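Notes for the one structure printed next.
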Number of protein chains: 2
Amino acid sequence: MKTAQAVDTLAALAQETRLSIFRLLVEAGPRGMNAGAIAAALDIPPATLSFHVAQLSRAGLTDARQDGRFVFYAANYAAMDELIAFLTDNCCQGGGACLPKTAAAATSAKRRARAGVAA
Amino acid sequence: MKTAQAVDTLAALAQETRLSIFRLLVEAGPRGMNAGAIAAALDIPPATLSFHVAQLSRAGLTDARQDGRFVFYAANYAAMDELIAFLTDNCCQGGGACLPKTAAAATSAKRRARAGVAA
DNA sequence: TTTATGTTTCCATGATTATCGAAATGATGC
DNA sequence: GCATCATTTCGATAATCATGGAAACATAAA
């Protein structure tokens, strides 16, 4: 993950409403939730929801899937994985300084290996 | 880490210049760098540097230490650790979905235990 | 085809953020 | 004290972002 992409992803999450949306979608699982349901759950006007969801999508944090006249949004776990990998690799002295010892050893290398398969 | 704090921390990092500053400080190690050196390294005017460093500090991502007439800033690894813990715990289906298996098992519980000591 | 429902786009508004020169503040040595 | 260097605050400007009503668009049922 390049720096510019990391900034975009961080910016997408650095907003109360969007973070709430993303967390809701993580809870919802792979099936996701349709726009109206998200808006209802968080009590957000449709236009506002659409605006924020668009930003999450643009950052690659959510996937959209049309189902009838509903649009289901789902959290993209791989994107979050990449962000965490970026933070551990680039903002933690080579992946070691900010993680418990056992996790640190595995994280950097395994994440990169996994990224090659998944992304 | 509470949601509001997570948003603040994410926002602090979600900006090209500030992310560069933080990464520079991570490289610099615990001793850190004084404001002028950071500004010189990244070619930023003093006022702009001060503005961004203040935001990083406000978010708890950097510590400041006065040394003579210099002010040294250092990366706060614990804050980054907390952010990563928040993301894995709250944005990854209970810490599992976004991490390699081996790391995931250790991460959530150990981070929380560690947080109890450090924070 | 009309009607109903879900979602997005358009648009205007207010709020926040980034930038940086100039001036002020703080710290040290003479 | 005064001179010097490091850093921050002030203040103005431009740009970006968040909000949400109204209208447009899309899909499906009657």
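Just so we're clear, the structure is a prediction, and the values are computed from it rather than from any experiment.
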Between [atom2] of [N] and [atom1] of [X], the distance in whole Å:
X     : N      : atom1 : atom2 : result
A:L10 : D:dC17 : CG    : P     : 14 Å
A:F70 : D:dA28 : CZ    : C1'   : 10 Å
A:Q15 : D:dT16 : CD    : P     : 18 Å

- prompt: At under 4.0 Å, does any side-chain N or O of A:N34 touch on OP1 or OP2 of C:dG6?
  reply: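 Checking A:N34 against C:dG6: no side-chain N or O falls below 4.0 Å of OP1 or OP2.
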Does D:dT8 have OP1 or OP2 under 4.0 Å away from a side-chain N or O of B:Y73?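 Result: yes.
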query = Does anything in residues 35-52 of chain A reach DNA chain D, meaning a heavy atom under 4.0 Å, and if so which residues?
reply =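 Contacting residues: A:P45, A:A47, A:T48, A:F51, A:H52.
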Under 3.5 Å, which N/O atoms of the protein pair with N/O atoms of nucleotides 28-30 of chain C?
none

Begin from the C-alpha positions of B:Q5 and B:T9 and carry the test side chain to side chain donor-acceptor pair (under 3.5 Å) through to its verdict. CA-CA 6 Å; B:Q5 173 64 28; B:T9 308; 3.3 Å; yes
Review point. Atom CG in B:D63, atom OH in B:Y77: separation rounded to 0.5 Å?
Key: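 With rounding to 0.5 Å, CG (B:D63) is 10.5 Å from OH (B:Y77).
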Approximate separation, where rounding is to 0.5 Å, of B:L10 CG and A:R18 CZ:
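B:L10 atom CG to A:R18 atom CZ measures 11.0 Å (nearest 0.5 Å).
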Does anything in residues 54-65 of chain B reach DNA chain C, meaning a heavy atom under 4.0 Å, and if so which residues?
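DNA chain C contact set from residues 54-65 of chain B: B:Q55.
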Worksheet item: Should B:F86 and A:L24 be counted in the same cluster of Ile, Leu, Val, Met, Phe, Trp and Tyr side chains packed under 4.5 Å apart?
Response: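 As far as the 4.5 Å side-chain criterion goes, A:L24 and B:F86 are connected within one cluster.
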